[in-house]
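Worksheet: the structure to be examined is printed underneath.
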Number of protein chains: 2
Amino acid sequence: MRRRPIPEATVGRLPIYLRALLDLAESRGETNVSSDELARLAGVNAAKVRKDLSYLGSYGTRGVGYDVEYLLYQITRELGLTQDWPAAIVGIGNLGRALASYKGFSERGFRITAIFDVDESVIGEEVGGMIVRHLDELKEVVAEMGTSIGIIATPPLAAQEVADKLVDAGVKSILNFAPAVVNVPPDVTVRKVDLSIELQILSFYQQRTQAIATAREANRRLRNQHGAG
Amino acid sequence: MRRRPIPEATVGRLPIYLRALLDLAESRGETNVSSDELARLAGVNAAKVRKDLSYLGSYGTRGVGYDVEYLLYQITRELGLTQDWPAAIVGIGNLGRALASYKGFSERGFRITAIFDVDESVIGEEVGGMIVRHLDELKEVVAEMGTSIGIIATPPLAAQEVADKLVDAGVKSILNFAPAVVNVPPDVTVRKVDLSIELQILSFYQQRTQAIATAREANRRLRNQHGAG
DNA sequence: TAACGCTTGTGAGCGTAATCACAAACCGAA
DNA sequence: TTCGGTTTGTGATTACGCTCACAAGCGTTA
Ligand SMILES: NC(=O)c1ccc[n+]([C@@H]2O[C@H](COP(=O)([O-])OP(=O)(O)OC[C@H]3O[C@@H](n4cnc5c(N)ncnc54)[C@H](O)[C@@H]3O)[C@@H](O)[C@H]2O)c1
Ligand SMILES: NC(=O)c1ccc[n+]([C@@H]2O[C@H](COP(=O)([O-])OP(=O)(O)OC[C@H]3O[C@@H](n4cnc5c(N)ncnc54)[C@H](O)[C@@H]3O)[C@@H](O)[C@H]2O)c1
């Protein structure tokens with residue numbers, strides 16, 4: 001019954017507002033916040049904050065601002081964080097272990113409830129308070145635990161195969177850490193976290209500014225030479 | 001001297017094409033590729049591939065496609081990957097360790113050359129073939145090694161402080177893993193990798209489709225009841 | 001109640017990105 | 001050389017997102 005659908009760009013920012021609001025509520029004991037203040041905390045434009053929040057409804061008070069607790073509740077509800085989301089990690093290597101032991105997920109409704117691998121020397125081991133199970137048990141465990149999110153932390157070559165198995169097991173949301181493109185049916189959402197891509201983007205922009213600096217330098221030299229000659 | 005600047009969205013996709021091309025060249029021994037094929041491998045639209053590549057120049061041959069090696073070289077050059085980018089990690093906990101030991105970075109010009117922490121019990125320890133140094137040595141080490149990329153893997157409360165120190169040391173590119181907004185001067189680029197945000201976005205879309213399914217179900221029941229009553 | 005300062009909510013304008021659709025260009029065959 | 005099949009490169013169009021700017025609405029004060 002919503003007036004307008006929430007744009008993708010807005011969905012991506014709601015978690016940032018959520019974090020800023022939690023900080024305001026818990027650490028600073030603020031009960032009220034203006035779009036200006038929230039914008040500063042989230043590192044975005046104030047008009048953008050207001051427009052983003054307006055998609056959720058008219059929850060602010062003109063001349064006053066937003067009630068922190070109420071806004072927290074509304075964003076939490078909108079993001080579906082009032083319920084618990086059991087997640088499973090596949091691939092318990094370096095990264096999978098760090099993720100499995102990470103305490104930060106549980107803070108907001110995400111719980112890692114099962115971890116999988118195919119390496120016999122890893123299976124049965126305890127990581128982050130859980131026993132590593134064989135990938136063959138995936139479907140069964142997912143059904144039993146109502147797992148809704150699958151996290152892929154295998155080498156890239158295994159990523160598509162693992163994604164297929166997650167889909168087959170009924171998982172509709174996948175977070176992929178492997179540097180590989182994975183294809184899934186349209187009713188499944190995949191998001192990727194790719195460090196190499198991020199580094200390469202940083203490289204591009206840094207190289208560009210370096211190139212500009214070098215060109216300026218060359219220009220300066222040329223001018224000086226010309227002046228002197 | 002480029003005809004047009006490369007759009008941000010394109011820069012974000014060049015690394016994906018790069019990976020697909022490397023796969024074609026190394027694993028499959030292909031010397032030529034069409035925009036259709038490349039689009040399939042990268043999981044995007046073919047017209048988008050052609051437009052993206054056209055920002056680099058006219059490197060394709062009509063009726064034939066693109067020469068894999070040549071395209072590889074051009075993208076590599078454009079992304080600034082012909083040179084090495086020494087990187088430093090700050091915060092050697094769970095995640096920092098996984099990153100420091102990760103072999104995947106070096107494959108493309110990124111080398112972790114120094115790792116830092118402030119915890120005395122961690123400093124001096126060897127991780128990924130490097131000795132953990134105290135953050136106080138940052139400026140000195142960055143100058144010495146020509147570090148160009150800083151990676152933040154500390155708790156969120158320390159992130160801004162660490163970013164400030166990286167900036168002060170002359171680092172112009174930062175990759176931030178801490179769930180916190182960090183502010184830097186305009187000549188510094190920050191990119192963030194935030195797992196919680198990704199999970200929350202997945203939660204949003206999954207919750208939405210569940211809500212739709214529930215609404216359909218309720219509707220169906222209502223109709224049935226109506227029909228029966 | 002009226003006047004004032006403050007902040008929201010949103011229409012309008014602008015810029016960026018995605019997609020479409022097709023002329024131009026190339027290759028190989030005849 | 002011509003023709004047909006193929007694929008690029010790009011103008012045109014549409015969709016999306018960001019920012020501006022301001023009327024509308026609220027609380028406070030007198
Ligand atoms: N470690 C990092 O810091 C880091 C950084 C960026 C990206 N990544 C990516 O994350 C992924 C995991 O990295 P890692 O360093 O943990 O690698 P890793 O080699 O340490 O661990 C991979 C694990 O996946 C398991 N595995 C292999 N095939 C499997 C399959 N078909 N099903 C289930 N499990 C399987 C292996 O047994 C192993 O335990 C890789 O794709 C890597 O490129 C890692
Ligand atoms: N572990 C994960 O899988 C994971 C997942 C998502 C996000 N993160 C985020 O990544 C960051 C690191 O996570 P972690 O699990 O490795 O945490 P951790 O607590 O294991 O490690 C943090 C490290 O940072 C060091 N540190 C603290 N303050 C510092 C400072 N001012 N300067 C330098 N070093 C400092 C600590 O001594 C510690 O070694 C956190 O912000 C966390 O939220 C981690």
Side-chain angles (χ1 to χ4, degrees), chain A residues 2-17 20-21 24 30-72 74-75 78 186 197 201 204-205, chain B residues 2-17 20-21 24 30-72 74-75 78 186 197 201 204-205:
Chain A
R2 180 171 298 115
R3 287 182 300 291
R4 341 161 240 196
I6 302 186
E8 249 183 79
T10 296
V11 173
R13 282 187 296 266
L14 290 180
I16 304 177
Y17 302 146
L21 289 166
L24 280 170
E30 293 283 344
T31 61
N32 194 273
V33 66
S34 69
S35 60
D36 256 325
E37 170 80 353
L38 191 50
R40 205 181 48 73
L41 291 171
V44 301
N45 177 298
K48 191 144 62 176
V49 169
R50 291 199 295 277
K51 188 148 266 189
D52 283 343
L53 297 181
S54 78
Y55 291 112
L56 310 185
S58 268
Y59 296 147
T61 308
R62 289 164 194 235
V64 179
Y66 300 87
D67 182 86
V68 172
E69 284 299 332
Y70 190 57
L71 202 51
L72 265 175
Q74 291 299 343
I75 295 180
E78 198 66 52
I197 289 182
I201 294 171
F204 173 83
Y205 288 109
Chain B
R2 180 170 299 113
R3 289 181 301 289
R4 342 163 241 197
I6 302 186
E8 251 183 78
T10 296
V11 173
R13 283 187 296 266
L14 289 180
I16 304 177
Y17 303 146
L21 288 166
L24 280 171
E30 293 283 344
T31 61
N32 194 272
V33 66
S34 69
S35 60
D36 256 323
E37 171 79 354
L38 192 49
R40 205 181 47 73
L41 291 171
V44 302
N45 178 299
K48 191 143 64 178
V49 169
R50 290 199 295 276
K51 188 148 266 187
D52 283 343
L53 297 181
S54 78
Y55 291 111
L56 310 185
S58 267
Y59 297 146
T61 309
R62 291 163 194 234
V64 179
Y66 301 86
D67 181 85
V68 172
E69 284 299 331
Y70 189 57
L71 204 49
L72 266 176
Q74 292 299 343
I75 295 180
E78 200 65 52
I197 289 183
I201 294 171
F204 173 83
Y205 288 109

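Each chain gets a letter, A, B and so on, in the order the sequences are listed, and its residues count up from 1.
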For B:Tyr55 and C:dA17, is the shortest distance between a side-chain N/O and OP1 or OP2 below 4.0 Å? no
Of B:Tyr59 and A:Thr10, the one whose nearest nucleotide on DNA chain D sits closer to the 5' end is B:Tyr59
Give a yes/no on whether any side-chain N or O of A:Ser35 is located under 4.0 angstrom from OP1 or OP2 of C:dT7. no
Rounded to whole Å, please give me the gap between CG in A:Asp52 and P in D:dC18. 7 Å
Which letter, B, S or -, goes with each nucleotide of nucleotides 20-30 of chain D from 5' to 3', with contact meaning a protein heavy atom under 4.0 Å? BB--BBBS---
Rounded to the nearest 0.5 Å, how far apart are OH of B:Tyr55 and CD1 of B:Ile6? 9.5 Å
In this structure, OG of A:Ser34 is separated from CZ of A:Arg50 (nearest 0.5 Å) by 9.0 Å
For atom OH of A:Tyr66 and atom P of C:dC6, their distance in whole Å: 18 Å
Rounded to the nearest 0.5 Å, how far does CD1 of A:Ile201 lie from CD1 of A:Ile197? 6.5 Å
Out of D:dG9, D:dG17, C:dA17, which has the shortest distance to the side chain of A:Glu8? D:dG17
Does the side chain of B:Tyr205 reach to within under 4.5 Å of the side chain of A:Val11, using non-hydrogen atoms? yes
Which listed nucleotide (C:dG9, D:dT19, D:dG9) is nearest to the side chain of A:Lys48? D:dT19
I want to check something: taking the side chain as every heavy atom from C-beta on, are A:Val44 and A:Ile16 in contact at a cut-off of under 4.5 Å? no
From CG (A:Leu14) to CD1 (A:Ile75), nearest 0.5 Å: 5.5 Å
Whole-Å distance separating the CZ atom of B:Arg13 from the C1' atom of C:dT19: 12 Å
With a 3.5 Å cut-off and no angle check, do the side chains of B:Tyr66 and B:Asn32 form a donor-acceptor pair? no
Given atom CG of B:Asp36 and atom P of D:dG9, what is their separation to the nearest angstrom? 13 Å
To the nearest Å, how far apart are A:Leu53 CG and C:dT8 P? 9 Å
To the nearest angstrom, how far is B:Ile6 atom CD1 from C:dA17 atom C1'? 15 Å
